[in-house]
J.: 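What follows is a structure written as structure tokens; I'll ask about it next.
Keep in mind that what you see is a predicted model, and the values were worked out from it rather than measured.
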Amino acid sequence: MIIGVFSVYADDLIKEDIDYTELTKQLKMFEKEYSDILSVYSIGKSCDNRDLWVAKLGKSNIGIIIIGAIHARERITAKVLLQNIKDYCKAYKEGVSFEGYNLKELLDKASIYFIPMTNPDGVDYTFYGKKAVRDKNLLKNLKNIRVKKDPSWKSNIMDWKANIRGIDLNRQWNVLWGIPSRFIRRRPSNDHFQGFKPHSEPEVKALEQFTLNTPCLGYYAYHTQGSVLFWYKNQKGIYLDEVYDITRGLKNITGFKPIPKLSKSLRYWDTRMGYADWTAYKLKKPSITLELAWNGYDEKRDFKKIYLSVKKVPLYLLKKAIDYSKFYNVEVYKEDKLVQLFRDLNDAKIYIEKFIKDKFDREVKVFENGALVLTLNEKKQNLKVNLNIVKEKINKIEDDMNVLIMKPEDFAKIKHQIMVIKILFSFGKM
């Protein structure tokens with residue numbers, strides 16, 4: 001039962017600068033205080049051995065993912081998401097609504113997976129420079145990283161956008177990766193270098209695996225430049241209808257400008273290499289990049305203004321995910337764990353083919369409208385059967401050899417049997 005309304009006051013806002021240490025401290029503090037609704041855990045390590053924290057807010061495994069600070073100098077997004085966690089936990093515990101949203105109703109049905117600081121090494125570098133680098137080899141390598149000044153940032157250290165190896169983590173995703181562009185650097189840099197191959201960086205690998213194995217219905221990346229919504233990823237049909245609807249609501253809440261302009265008759269849009277691009281293309285879910293601020297914002301002076309414009313966005317996105325969940329009737333289970341949801345069975349098959357690389361070592365099941373429609377342990381079983389066939393063939397050939405060794409005219413038969421065995425072995429190793 002909702003007994004009141006939660007409001008954000010200036011005294012409630014986080015005052016501290018949020019570097020990696022402060023983020024860790026506050027997340028652990030919130031987890032301890034709100035353990036019934038919040039869990040904090042690491043999904044991997046950064047280049048410089050910092051944890052990549054996820055704060056799961058909610059009681060269901062199904063939900064949405066929101067990432068922040070994938071670009072180091074856009075570190076204020078980590079503070080925004082941390083403030084969201086603080087406010088939502090408090091409102092849930094006190095049993096009050098937040099900006100008209102019933103926290104208990106939403107968070108008992110679904111969860112928000114907050115990843116406030118996707119690039120902790122880069123963020124700490126923007127705070128402390130070389131002093132932030134722990135690994136001696138990484139520190140030594142810094143001198144080889146090209147730094148291009150950006151006049152829109154007030155301090156030189158805030159030119160840094162990449163991870164600590166000089167690779168832009170939002171240019172790492174395998175959607176049109178490697179296509180030449182005037183915006184792409186050719187070697188490690190403070191910004192816009194896509195890396196030597198896609199998904200090479202530990203931060204990206206960790207986020208990729210977490211995303212692939214978490215049953216979510218939307219993916220959202222927080223950035224800071226332009227107060228815009230990059231929403232269109234060349235979706236068609238029902239996929240376009242859904243992301244169009246969500247974006248229209250985001251525009252009304254935030255006042256941000258959708259790019260491209262909201263329309264359902266759009267031509268091809270060049271969208272590439274970002275996290276939201278990859279999730280839209282590969283997982284067929286709404287995926288939007290939200291630019292929360294404007295060029296030249298001041299982190300301290302403008303934090304309240306930035307936060308207030310997006311304070312209820314995660315709850316809106318979660319509500320939309322719950323509303324649309326009824327259309328995601330295809331469930332993929334790996335070892336009896338739900339890992340993905342899809343609208344269409346073909347999307348599930350494509351996901352399995354591309355991303356469940358160990359599908360013949362684990363049982364994979366697909367349900368549509370609650371009915372089992374696909375089980376992917378048949379080939380594992382067939383492999384065992386085929387190996388038994390091979391064993392029988394070998395035994396038979398050995399028996400035949402004892403008889404045929406003095407009959408050269410039958411060597412052709414043995415050669416044929418050996419060829420069959422090779423084919424069987426080849427099949428068994430697929």
Side-chain angles (χ1 to χ4, degrees), residues 8 58 62-68 77 80-81 84 87-88 97-103 105-107 109-114 175 216-272 274-294 305-329 341-344 347:
V8 178
I62 298 172
I64 61 173
I65 294 174
I66 305 179
I67 70 167
T77 56
V80 167
L81 293 178
N84 278 144
D87 289 346
Y88 296 171
S97 67
F98 185 94
E99 295 294 324
Y101 290 93
N102 184 324
L103 271 293
E105 180 180 300
L106 290 178
L107 297 177
K109 289 181 179 179
S111 296
I112 306 172
Y113 293 91
F114 291 101
V175 176
C216 286
L217 298 173
Y219 309 96
Y220 304 97
Y222 278 16
H223 294 254
T224 65
Q225 294 300 286
S227 300
V228 298
L229 306 167
F230 292 106
W231 67 280
Y232 180 57
K233 315 294 180 184
N234 299 303
Q235 298 97 329
K236 305 296 180 186
I238 55 176
Y239 303 99
L240 177 58
D241 291 342
E242 183 177 357
V243 73
Y244 177 95
D245 176 47
I246 292 171
T247 305
R248 184 173 55 184
L250 283 176
K251 176 186 176 184
N252 292 336
I253 291 171
T254 64
F256 297 168
K257 179 182 178 182
I259 296 180
K261 184 179 179 180
L262 277 175
S263 172
K264 290 188 180 180
S265 58
L266 293 165
R267 296 183 178 182
Y268 174 79
W269 182 259
D270 188 0
T271 180
R272 60 172 73 188
Y275 175 69
D277 303 317
W278 181 80
T279 50
Y281 273 87
K282 305 299 184 182
L283 296 178
K284 306 297 183 183
K285 315 283 177 59
S287 302
I288 299 172
T289 297
L290 296 87
E291 302 280 358
L292 309 190
W294 52 94
K305 182 178 180 181
I306 292 169
Y307 177 67
L308 292 181
S309 69
V310 296
K311 60 184 176 180
K312 63 181 179 180
V313 162
L315 296 179
Y316 164 77
L317 295 174
L318 188 65
K319 176 65 165 56
K320 298 303 288 188
I322 293 171
D323 291 345
Y324 278 100
S325 63
K326 61 186 176 183
F327 300 112
Y328 287 82
N329 298 320
L341 298 161
F342 294 97
R343 282 177 172 265
D344 185 87
D347 292 336

J.: Which residue is it: R343, R248, K236, K264? I am looking for the one with a salt bridge (Lys or Arg N to Asp or Glu O under 4.0 Å) to D241.
T.: K264
J.: Less than 4.5 Å apart, any side-chain heavy atom of T271 and any of Y281?
T.: yes
J.: For a side-chain contact (heavy atoms from CB on, under 4.5 Å) check, start with the C-alpha distance between I112 and L315, then their side-chain angles and the critical distance, and finish with the verdict.
T.: CA-CA 8 Å; I112 306 172; L315 296 179; 4.3 Å; yes
J.: Can you check whether A280's main-chain N or O pairs, donor with acceptor, with S287's side chain at less than 3.5 Å?
T.: yes
J.: Does Y307 form a side-chain hydrogen bond (donor to acceptor under 3.5 Å, both in side chains) with D87? I'd like the steps, not just the answer.
T.: CA-CA 11 Å; Y307 177 67; D87 289 346; 2.6 Å; yes
J.: Is there a side-chain contact between F230 and T247, using heavy atoms and a 4.5 Å cut-off?
T.: no
J.: Look at the aromatic rings of F98 and Y88 and report parallel, tilted or perpendicular, splitting at 30° and 60°.
T.: perpendicular
J.: Is the backbone of Q225 close enough, under 3.5 Å, to the side chain of W294 for a donor and an acceptor to pair up by distance?
T.: no
J.: Would you check if the side chain of Q235 reaches a backbone N or O of L240 as a donor-acceptor pair within less than 3.5 Å?
T.: no
J.: Could D277 and R272 be called an ion pair, given the rule that one side-chain N must be under 4.0 Å from one carboxylate O?
T.: no
J.: State, yes or no, whether a side-chain contact exists between F327 and I238 at a heavy-atom distance under 4.5 Å.
T.: no
J.: When you measure from the side chain of S263 to the backbone N and O of S265, does any donor-acceptor pair fall under 3.5 Å?
T.: yes
J.: W231 vs I246, test: side-chain contact (heavy atoms from CB on, under 4.5 Å). Steps then yes/no.
T.: CA-CA 9 Å; W231 67 280; I246 292 171; over 6 Å; no
J.: Donor-acceptor pair, K285 side chain versus C216 backbone, under 3.5 Å?
T.: yes
J.: Are the side chain of T224 and the backbone of E291 linked by a donor-acceptor contact shorter than 3.5 Å?
T.: no
J.: Has the side chain of Y275 got a donor or acceptor atom that lies under 3.5 Å from a matching backbone atom of T289?
T.: no
J.: Just wondering, do V313 and L290 contact through their side chains at under 4.5 Å, heavy atoms?
T.: yes
J.: Using side-chain contact (heavy atoms from CB on, under 4.5 Å), reason through I67 and T77 one step at a time and then give a plain yes or no.
T.: CA-CA 9 Å; I67 70 167; T77 56; over 6 Å; no
J.: Let me know which of K319, K320, K251 forms a salt bridge (Lys or Arg N to Asp or Glu O under 4.0 Å) with D245.
T.: K320
J.: Distance check, rounded to the nearest 0.5 Å: L229 atom CG versus Y220 atom OH?
T.: 11.0 Å
J.: Ignoring hydrogens and geometry beyond distance, is a side-chain donor-acceptor pair present between Y239 and D347 at under 3.5 Å?
T.: yes
